[in-house]
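Start at 1 and go down the list; that is how both ligands and their atoms are numbered. Throughout, residue positions are numbered sequentially from 1 according to the sequence presented.
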Amino acid sequence: MAEETIFSKIIRKEIPADIVYEDDSVLAFRDIAPQAPVHILIIPKQLIPTVNDVKPEDEQVLGHMFVVAAQLARDNGIDADGYRLTVNCNSEGGQVVFHLHMHLMGGRRMQRMG
Ligand code: AMP
């Protein structure tokens, strides 16, 4: 059984977050330490710790996260200029919260990735 993170508490509304989207399978909220004018985290409500744990049955929710990301990009007015979607995995990928999440970042020009 995977260990819960702070994101499970946000899903259950046990700790506050600036929630910008919610449905049965996905939650999105503003990052507490934004790296861009728009920085939103999109997470599945089910606990998938990392991309390494993704299973074929997760395809629907993971695909849905992209639909939500595109909608939030439009809602935040960054769709035309562009934005970055990032999913970090484990330590060398820069992951610190082990509940899979997609970063939606925009509102400024992104650096080249390194
Ligand atoms: P990662 O490095 O990909 O695991 O990203 C984790 C992200 O979660 C970081 O950008 C943090 O700023 C963000 N974060 C951690 N705790 C919270 C929280 N309570 N509310 C919103 N964002 C958070």
Aromatic plane relationship, Phe29 with Phe7 - under 30° parallel, 30 to 60° tilted, over 60° perpendicular: perpendicular

With Val67 via side chain to side chain contact (heavy atoms under 4.5 Å, CB included) - residues at least two apart: His64

Within 6.0 Å of CD in Gln60, more than 12 heavy atoms from elsewhere: no

Glu57, CD: over 12 other non-hydrogen atoms inside 6.0 angstrom: yes

Under-4.0 Å salt bridge between Glu14 and Arg12: yes

Glu4 and Lys9 ion-paired at < 4.0 Å: no

Proximal protein residues to ligand 1, non-hydrogen atoms under 4.0 angstrom: Ile6, Phe7, Ile10, Phe29, Arg30, Asp31, Ile32, Ala33, Leu41, Asn88, Gly94, Gln95, Val96, Val97, His101, His103

